[in-house]
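These notes concern the structure reproduced below.
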6 protein chains.
Amino acid sequence: MTVDVLTFGETMAVLRATTPGPLRLARSLDLALAGAESTVAIGLSRLGHRARWVGRVGADEFGALVVERLLAERVDVVAHEDPAAPTGLLVREQRTADLARVAYYRAGSAGSRLSPDDLREPLRDGARVLLVSGITPALSDTARAATEAAVAHAVAHGWAVCLDVNHRSKLWTREEASDVLTPLAAVATTVFGDQSELDLVGGRESLLAKGVGDVVTKRGAEGAETTTPTGHWATSAAPTTVTDVIGAGDAFVAGYLSALLDGLGPAERLARGTAVAATAIATTGDWEGLPTRAELLTLHGETKR
Amino acid sequence: MTVDVLTFGETMAVLRATTPGPLRLARSLDLALAGAESTVAIGLSRLGHRARWVGRVGADEFGALVVERLLAERVDVVAHEDPAAPTGLLVREQRTADLARVAYYRAGSAGSRLSPDDLREPLRDGARVLLVSGITPALSDTARAATEAAVAHAVAHGWAVCLDVNHRSKLWTREEASDVLTPLAAVATTVFGDQSELDLVGGRESLLAKGVGDVVTKRGAEGAETTTPTGHWATSAAPTTVTDVIGAGDAFVAGYLSALLDGLGPAERLARGTAVAATAIATTGDWEGLPTRAELLTLHGETKR
Amino acid sequence: MTVDVLTFGETMAVLRATTPGPLRLARSLDLALAGAESTVAIGLSRLGHRARWVGRVGADEFGALVVERLLAERVDVVAHEDPAAPTGLLVREQRTADLARVAYYRAGSAGSRLSPDDLREPLRDGARVLLVSGITPALSDTARAATEAAVAHAVAHGWAVCLDVNHRSKLWTREEASDVLTPLAAVATTVFGDQSELDLVGGRESLLAKGVGDVVTKRGAEGAETTTPTGHWATSAAPTTVTDVIGAGDAFVAGYLSALLDGLGPAERLARGTAVAATAIATTGDWEGLPTRAELLTLHGETKR
Amino acid sequence: MTVDVLTFGETMAVLRATTPGPLRLARSLDLALAGAESTVAIGLSRLGHRARWVGRVGADEFGALVVERLLAERVDVVAHEDPAAPTGLLVREQRTADLARVAYYRAGSAGSRLSPDDLREPLRDGARVLLVSGITPALSDTARAATEAAVAHAVAHGWAVCLDVNHRSKLWTREEASDVLTPLAAVATTVFGDQSELDLVGGRESLLAKGVGDVVTKRGAEGAETTTPTGHWATSAAPTTVTDVIGAGDAFVAGYLSALLDGLGPAERLARGTAVAATAIATTGDWEGLPTRAELLTLHGETKR
Amino acid sequence: MTVDVLTFGETMAVLRATTPGPLRLARSLDLALAGAESTVAIGLSRLGHRARWVGRVGADEFGALVVERLLAERVDVVAHEDPAAPTGLLVREQRTADLARVAYYRAGSAGSRLSPDDLREPLRDGARVLLVSGITPALSDTARAATEAAVAHAVAHGWAVCLDVNHRSKLWTREEASDVLTPLAAVATTVFGDQSELDLVGGRESLLAKGVGDVVTKRGAEGAETTTPTGHWATSAAPTTVTDVIGAGDAFVAGYLSALLDGLGPAERLARGTAVAATAIATTGDWEGLPTRAELLTLHGETKR
Amino acid sequence: MTVDVLTFGETMAVLRATTPGPLRLARSLDLALAGAESTVAIGLSRLGHRARWVGRVGADEFGALVVERLLAERVDVVAHEDPAAPTGLLVREQRTADLARVAYYRAGSAGSRLSPDDLREPLRDGARVLLVSGITPALSDTARAATEAAVAHAVAHGWAVCLDVNHRSKLWTREEASDVLTPLAAVATTVFGDQSELDLVGGRESLLAKGVGDVVTKRGAEGAETTTPTGHWATSAAPTTVTDVIGAGDAFVAGYLSALLDGLGPAERLARGTAVAATAIATTGDWEGLPTRAELLTLHGETKR
């Protein structure tokens, strides 16, 4: 079955401290899942699009947790169960009200062992958009190969290719990332990143010069902007009470892509991206607060009590 | 025994999500009680007034929860236990940090079966003030009849009649509400509402023209104002850290009525109303944070640590 | 797609007290889902069978909770969203360590409005086994009609028909239940019940005489037994530490049907039924502890630590 | 107003660890109230009797906690608010599954400052039964004087006098307790205690010889027995799953007194005492699980699910 | 062993409500420890200094809680276990989001029984800085004598003497405090206080005139300033999201003293004090959020995610 | 400083599910620490012995958690902070009330990188007893070398050498374990294991023949027994309510060694071992419930309430 959006990557179990303070003083941690690509997939699915997520998980309870949640969200899941490696783990400390710190138990994880073979069938089944995160090629040599093969396939078949740079400094240096991601960005149709991430793949002007159709700058609390060959659009962030900023960037991408799939123009894409992000950060958790299509309509219309 | 304030209505068990996010992802819900009139009664009782609440509850644990809490608060409770209907239930989702959504399980509930008979004895026992909420006549035909009988009795016996419009769009339309509440407002001595609610019962000028002595506009974070035949007074909201805005309007009414019972003028009534509301919204829960008379004095005098 | 087992009924949101004591003293309630048929469907799905569940839910968060969990469990869900009625609610009090009491908010619920139309397509798609619970025909006239139509269809097409009597005294009397369920039992291939429930549909001997192939007596802590035209088999319950007995009967049915689908004989069916039940009652919750196929193999072989 | 039972003593706030282990490792403690006499008063009130409790509390939140719970339970509360002393505090560690240890913060507490004056009016108002706990006279000189005055008043007015010996070794020695309690026991109509406590006030034979009409031995898991001038009755404990044994003795006294007030004979008194105790220990908390009159009837009749 | 900083005082177990609202409605309280001097000692120890804390605790679990936490924090603990008095207790209500109220169970506590003897050996062992809180001399006559002896010893041996005025109005009046603390302040090298507290010990000018080398004004959200014979320095508070302001003053003192021990000048001392305070108040709890030396370096450099 | 007992190994952070059921359904996990050797060290320290634990931890919060707890327990901690590897993690699922399952994130962990160098100084400082667990040599080549070096050193210096076989089948096979542990057992003075573990190192008779002075069989709920050249002693387990059996074996070893250090004979050693184990398993957690020396005396003498 052809889907609207195909994405792939590593989704981990996440253990989150619920109260600000040093992790060593925590008494219990909340259990959930975390992965940039699966967050976007959930966001798209809630907005009514068909999203397929491909990845590897361990033959363990944390892998089951990941798969079951994506199934519940009606994401089309292609989860390869790896008998030889565990599901990765992310431990998130809320050191202060303003600062989250993360520790990974993902070296050698099932998710990092993603390979080109894992994507073969999903690529054959087709998609309108391929969404690639810059995290995946940093996980392992096979994951990088898988990423490059997917982009090549999408380009060859005329799909839209969206790259979210997502630089993770714990996984690789800017130089390493730049070497791998710049060629991918050059062939993308849409590139997402904050200012520093866009610079890492050559900068906005260079990307447009190479033919990228849409260079989107995520500016956090300041909003977002996009530049296309024909113009420049900007929006401020939607006003909201901030509960948990983690996942805001992925929520924005989900909203932006949703509008793209609906054939909307740059201003509407930015508007939906910031609306989805605003809803997401006004709740606890990375993906939990993502709005459904119905909520997208009502969240502003509905009267607060 | 004659009381200071007589009120009546439906008080339900409430199940509240404690973390912002979609209710379907909640793992547990907090159990409490909710009812506009009982919140005012608790507020008045804590401030040292004798408040009587009349209502129906089911012969079940949720009914016991309602009655026991009101007893604990020293409210004079006249609770008719209905063997044939359950206590109503309100489920409150905190969809985002800024938006609460509610679902009711109150169709056919014990509370909605309130009837004129239930009020006969409490009306005979007397009160200085009758407090009527615009929610009650929306619950059922018998509840509307009870409301109308109560107002008629109070008017006939020269009690003050305070009407809080409290339009609930899930229960009836503005047109339906207007038909029922406008005649009640016309004979009231004090009418409370936000701008839109006051319009629903004819608007401020019309009410004053009909002889209402005190038309009070609740303006939320912007404060409150009152108009009487002799003048207009306004106050801003008392500064506070907002924890939970639900119940703020009822808290304001409790404070305002308390000052009225103490014989204070419009400015002092507004001041106490906003002070009580400020204390209430700086805590979690509809009624939990309402101040005692002693706290009313000390909460500003007492040095924060 | 033809499935292994087709079942249908009402699945509600359940609010459970976590500590023994009167519900009115509870501070919070756990949120989950509950439904005899969906518990069996989850059990079958975890054991590797294709199970389809058909039902109605409200257009609300509790309905979403039900559907999302079933999707996560890989149950094939046919959930009709009813715009005019809420998802039913079950409140469960653990009055003492030994006694659970329930209150229903299911009158007029979406689930009770199940109708023959809702089953038309799933029946056409086919199944090897139709599993019917005696709860469903007690919910409403349309639900009874749907049940009768489903059984008639299954008989006409030569499917196995399994009836779990499941008498709920809060929904109807023994006489009412007997009138409706006895004809259904008469055409079933397998009938489940405790001694009293089997008596309600005519008793073991009568059922066998009418041609029921398998009359299974659930005897709780004493185990289970089955009688077929060719013999009688009995098993004691598997030894376990009891955590939560609710759902034990449904777990037993899931295990028994699983063995039936695998073509196993009466003794093996009883053995798997009691093994699945033992695993389920050694955990908290109705369905949470149901074993996977892999766990069925390892739970006894695996060394405790 | 004359009540059925008048009792008095110290009720404290209690902070309870919820998990077995050393208290120093606990992360949070549950907040409730504890007092032998108030537990009996709650038990009697739930069974439909008019019970009055007299005591002192501090002008603080813990005092409010005590009073509000008793009001909620419909106990007739005469709570003297002591501006000069705090409400006492009891910290309860569940050191192991089998062993609870307590620490008191009650030296100089408001409750221990109970005086004869505090009882003057309640004694004048009358009661059918005076219930005295052997804890109260150990609290302070004034509390002992109050106890002695109350017993003298009751004897003089022909009320029944029930003494529960309740020896607390942290408050006084057996010798000290014996000196004070033996004379009180001698004039009582009913004396409760375990074997060792009855010995402390002279032993069963001595008490009967002095004219005590009813000497009741609490034997914990072994049940209870009573001896009167005309005979001896014994009962075993009602079977139940034990959740929390604390408060069992007080629950037994409540049940026994309830039957006494209903005019029942020794066997029925023992039966109700053990039934009430069984219900109480099958829930968490000292008083939370005490049955209502309705539950007394249904808890055995109602089918477990 | 000579330490960097010697301090002494009473550290209590603290029971904290976790949700804003009246304490009487709380269901559970968090258990931790609280003491101004031990908070400073923890802060200094985390920043790499050797801090010794001397005090008395009861022979109970709360005493063990205090000692074990300080050991875990690598504070050099000299805890005299008092067999005759319990560890003090502090109950903290979060009445509203903006107002915490405290109740003490510390009359006659072990901590208040601190005596000159308890300090003899620690004083002999030596320290670079003696840190004295104005709370300690308010606890008892012996605690005052111990404080005065410690200051005299420190002055005699040429240690730096830092006094944090810390006026507690629940323990003594301003006049009582002034009589005791003014002479101590006069011989100190550094005095900390808010404006009102500095006035209580004579005021800034007077202190400088008497030879105090460093008069530090804590100005809360407005920052801090210090005056020495050679100049005046001020700093604003470091920007942060406020989670829990309690302990901010002690955190500031820890940071300020840390810089003093590192030989830094007034501006750097103020900077570190406000940085440590900012980190502490952005977490829950008095001492939990205090930064380590490594965190002091990274908390601003580390990129938020 | 010479200590009573020197031990070493890997202590991990542990994340434990608090409710029985599949881990993937857990919402939060409790955070603690786990390690056989550190549990014994805590047990010995609480009983008043000087115990030193040597190990490696990551430069992370979980490492800090391990070290801080051991410091709090007054264990002499020699913790090498490994900048290049994280602290190991153990995830414990309570699949059913009777079955715990574990998953490790310890491959390449800091703890597994223990090397002979890490032990050099602690060995030089001396000890009366060296306690070796059979887990440590399974962690890595360097950990095995460290273990062998430690045993050789202890033998050479005439210390007692106690080996707890502790076979972990997730780390190595019985054959691998036997090859490494049999030579170590041969030179030990005391060997602990269950029947199967003792067989793995040659069996009781063989060990005694090789000169082991004390072969102790742990028999779980059946108790324990020991054989020495001069006789055989056995004891049944101390009666207790079982809360959490994990850690029972380590608790037994701590009690046994404590008696050995006190110079007691085989019967007393078994008695203390089973008493300590009984106390530990009557609480939640591996090490939390271990008794202090004072509790060892009072836990049976103190009257249960």
Side-chain angles (χ1 to χ4, degrees), chain A residues 12 14 16-28 34-36 39 90-104 135 165-171 173-174 193-197 200 218-222 241-251 280-281 285-286, chain E residues 16-19 28-33 39 42-43 45-47 65 68-70 72-74 94 97 237-248 251 274-305:
Chain A
M12 295 171 280
V14 62
R16 294 191 283 226
T18 54
T19 311
L23 190 66
R24 64 188 184 273
L25 298 177
R27 183 57 63 100
S28 71
T39 296
L90 185 160
V91 181
R92 195 180 290 148
E93 176 189 38
Q94 193 69 38
R95 179 55 186 87
T96 70
D98 301 316
L99 176 69
R101 296 195 295 203
V102 297
Y104 292 121
I135 300 169
V165 177
N166 256 333
H167 180 58
R168 290 288 185 273
S169 59
K170 292 210 171 183
L171 297 179
T173 63
R174 281 181 70 83
D194 60 25
Q195 190 58 58
S196 160
E197 289 174 329
L200 186 151
K218 298 194 257 188
R219 302 183 58 239
E222 272 72 48
T241 297
V242 177
T243 297
D244 180 352
V245 297
I246 298 178
D250 302 323
I281 68 178
D286 303 14
Chain E
R16 294 192 282 226
T18 54
T19 311
S28 72
L29 302 178
D30 274 6
L31 177 60
L33 66 158
T39 296
I42 290 171
S45 181
R46 289 193 180 177
L47 291 170
L65 168 73
E68 291 190 1
R69 187 67 236 161
L70 293 175
E73 297 286 348
R74 297 173 181 76
Q94 192 71 38
T240 196
T241 297
V242 176
T243 297
D244 181 351
V245 298
I246 299 177
T274 50
V276 170
T279 307
I281 68 178
T283 67
T284 304
D286 303 16
W287 51 268
E288 287 87 336
L290 289 162
T292 62
R293 174 70 64 142
E295 286 172 333
L296 197 61
L297 302 175
T298 63
L299 274 184
H300 301 278
E302 181 159 345
T303 316
K304 285 185 204 183
R305 213 206 129 182

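Only this structure's heavy atoms are used, side chains among them; waters, hydrogens and symmetry mates stay out. Each chain gets a letter, A, B and so on, in the order its sequence line appears, and its residues count up from 1.
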Report task. Using side chain to side chain contact (heavy atoms under 4.5 Å, CB included) as the criterion, list what pairs up with E:Ser45, not counting sequence neighbours. Result ->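 E:Ser45 satisfies side chain to side chain contact (heavy atoms under 4.5 Å, CB included) with E:Arg74, E:Val75 only.
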
Requested in this report: Could you verify whether a donor N or O on one side chain and an acceptor N or O on the other, from A:Arg27 and A:Thr19, lie under 3.5 Å apart?
Outcome: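 Judged by distance alone, the side chains do not pair up.
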
**Report entry** Polar contact flag, side-chain donor to acceptor under 3.5 angstrom, E:Asp244-E:Thr284
**Finding:** no

**Report entry** A:Arg24, part contacting chain E, at a heavy-atom distance under 4.5 Å
**Finding:**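 The side chain, not the backbone.
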
Query raised in the report: Excluding sequence neighbours, so at least two apart, what forms salt bridge (charged side-chain N to carboxylate O under 4.0 Å, His left out) with E:Arg293?
Result: E:Asp262

Query raised in the report: Checking E:Thr240 against chain A: side chain, backbone, both or neither under 4.5 Å from a heavy atom?
Result: both

Report task. Counting only heavy atoms closer than 4.5 Å, note whether E:Leu290 contacts chain A via side chain, backbone, both or neither. Result ->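 For E:Leu290, the backbone is the part near chain A, not the side chain.
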
